[in-house]
Number of protein chains: 2
Amino acid sequence: MSSGSAGGIRERKKHETREALHRAALSLYLAQGPDAVTISDICEAAGVSRRTFFNYFESKDDAVMDWNEERAGGSVAERIAARPDQEEPLEAVHQAVRTGIVRLLEHETWRQRQLLVSRHPRLVPLAFAGNRRTRGLMAEAVARRIGAEPGDRYPRVLAAAANAVAQAALAQWDPEDSGAALLEILDASFAMAAAGFSPPS
Amino acid sequence: MSSGSAGGIRERKKHETREALHRAALSLYLAQGPDAVTISDICEAAGVSRRTFFNYFESKDDAVMDWNEERAGGSVAERIAARPDQEEPLEAVHQAVRTGIVRLLEHETWRQRQLLVSRHPRLVPLAFAGNRRTRGLMAEAVARRIGAEPGDRYPRVLAAAANAVAQAALAQWDPEDSGAALLEILDASFAMAAAGFSPPS
DNA sequence: GCCCAAGGTTACACCGAGGGCAAGTTTGCA
DNA sequence: TGCAAACTTGCCCTCGGTGTAACCTTGGGC
C-alpha cells in the first residue's frame, strides 16, 4: 500500500468521511435551505449510514459549520502574541484578526459558509458558536501582552468588543464581493473602536 | 365577576398559563440543570398538556428565557432617544443600557435567569438570542441621533460593540452580588470603550 | 336562561434529532 | 495467518416539535 501522508488507511478514511459529510451538508444547505435538509439526506449524499453521521458530528449544524480549515491558519492568540511589543493591544488584536481573515478568504468553503450565513440569518449564532473559546484565548493573549491576569476586566472587555467589531464587519460584507472590500470594512470598523466611537465628521 | 384588569377571563387565563409554564421551566432548570428537564416535566409542573406548551413556546429554552418582564422597562431605543442631544452617541447608549439594567435588577425572575445562565454557560447564547433585534433597534436609534442612515457603518459597529461590552460586564458579574457591583463593572467597561481601549495604567 | 360561534385545550399520530448497544466489518500488527 | 483494536451499521428507544380533529370553555345574541 502506498498509504496516505499521515497515519494509515484508517486515518485517511476517517478524514475523507468527515470531509464528505461536511461537503454534503454544506451544499445541501445552500441548495435547499437549512430546514429542508435532514440528516438522512446528508448521509445519503455522503454514502454513509445515519448512525455513522453521529460518530463525527453532534448535529447537522455542527457538520455544516465544521472548522478544520480554520486551524489551517494558526490561532488568533498566536498571531496576537506575534505582534510587535510596542503595539497597542487593540491594534495588535486588529492585525491578528486581519491576517486571520486574509487566510480564511483563500478557502472556497469558508466563502460558501459566509454566503450561507448571509442568506439564512438563523445561522448567524452558529457561525460564531466557537467564539466563546476564541474570545477566551484572545483575552489571555491580551493579558499576557500587558502583564495582566487573564481574568482581569480589561482583556475580557477588549476581547468581547473586538470580536463584536469583527462580527459587525463580516455582517456588513456581501460574500459575493471581493475580499479586499471585507478588509476595508474591517479596518474602518476597528478605527472607530480606536477612536472611542466618537461620531464620524 | 371582579375579573382581571385587561380583557376577560380568557385573557387572564392565557396569561396565567404562560406565566405558570415560564416559572415551572425556570425553577426546574435551576433545580436540575437544563439537560435533565423535559418538556413533559414542565407541563406536569404547570398542570397543562404537552401540546398546550407548544401553543405558547417553541422550545423549552424559549419558555425559560421568556421576556415579558423586559418590556416592563421600555425599549433601549426609546431610552437612547430620550438622552440629551449634545451627549456623545456612545455615552447615550451607555446610559440607556444602564437604566435598563437598573430596572431589570428589580425583577427577581431576571436575577434568577442570570444565575441560571452563569451556572450553565451553554445557555449564554440563548440569553442574548433576542439581541439581534435589540442591536438593530440600537443602531437605528444611534443613526437617528447623528442624522445617519440606519444601515450606515458607524451605528452598526457602535451597536455591536456596545452590546458586547454590556454582555462582557454581565458575564463578569456574580448574580449573587449586589446590583451596585454590576453597575460599577458596566461603567468601567464603557469607560474602556470610550478611551479607545487604550491599556489601563 | 338557551344556544351558538370563537377560541383555547387536549389526545393522538407522526416525523426527525440524537444516542446506547451489540453485531458485523475493516485495518494494523504480530 | 490470526487476533485485537477501531470503525460502521442496524436496531431500538426517548425526546423535541407539529398537524389534525375532537372537546371544552367563554362570551355574546336572542
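Below, read A as the first sequence line, B as the second, and so on, with proteins coming before strands; counting in each chain starts at 1.
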>> Any side-chain N or O of Tyr56(A) below 4.0 angstrom from OP1/OP2 of dC7(D)?
In response: no

> So what does Thr52(B) touch, heavy atoms closer than 4.0 Å: a base, only the sugar-phosphate, or nothing?
Replying inline: base

> Contact class for Phe53(A) vs. all strands (heavy atom < 4.0 Å): base, sugar-phosphate, or nothing?
Replying inline: nothing

>> Parallel, tilted or perpendicular: which one describes the rings of Trp173(B) and Trp110(B), with boundaries at 30° and 60°?
In response: parallel

Rounded to the nearest Å, what distance is computed from the [atom1] atom of residue [X] to the [atom2] atom of nucleotide [N]?
X        : N       : atom1 : atom2 : answer
Asp61(B) : dC15(D) : CG    : P     : 16 Å
Ile9(A)  : dC29(C) : CD1   : P     : 11 Å
Ile42(B) : dG16(D) : CD1   : C1'   : 11 Å
Leu21(A) : dC7(D)  : CG    : C1'   : 13 Å
Glu58(B) : dA17(C) : CD    : P     : 17 Å
Arg18(A) : dT8(D)  : CZ    : C1'   : 16 Å
Asp35(A) : dG17(D) : CG    : C1'   : 12 Å
Glu11(B) : dG27(D) : CD    : P     : 10 Å

>> Just checking Glu108(A): does its CD atom have more than 12 heavy atoms from other residues, nucleotides or ligands closer to it than 6.0 angstrom?
In response: yes

Nearest of [options] to any side-chain atom of [X]?
X        : options                   : result
Ser49(B) : dT9(D), dT10(C), dG19(C)  : dT10(C)
Lys14(A) : dC7(D), dG17(D), dC15(D)  : dC7(D)
Ile39(B) : dG17(D), dG10(D), dA17(C) : dG17(D)
Lys60(B) : dG16(D), dT9(C), dG16(C)  : dG16(D)

> Between Arg12(B), Lys14(B), Lys13(B), which is the residue that forms a salt bridge (Lys or Arg N to Asp or Glu O under 4.0 Å) with Glu16(B)?
Replying inline: Arg12(B)

> When you match Arg50(A) and Asn55(A) each to their closest nucleotide on DNA chain D, which lands nearer the 5' end?
Replying inline: Asn55(A)

>> Both Lys13(B) and Phe57(B) contact DNA chain D. Taking the nearest nucleotide for each, which residue is further toward the 5' end?
In response: Phe57(B)

> Looking at Arg122(B) and Asp35(B), does any basic side-chain N land under 4.0 Å from a carboxylate oxygen?
Replying inline: yes

> Does a donor on one side chain and an acceptor on the other come within less than 3.5 Å for Asp41(B) and Thr38(B)?
Replying inline: yes

>> Distance criterion of 3.5 Å, no angle test: do you see the side chain of Arg51(A) paired donor-to-acceptor with the base of dG20(C)?
In response: yes

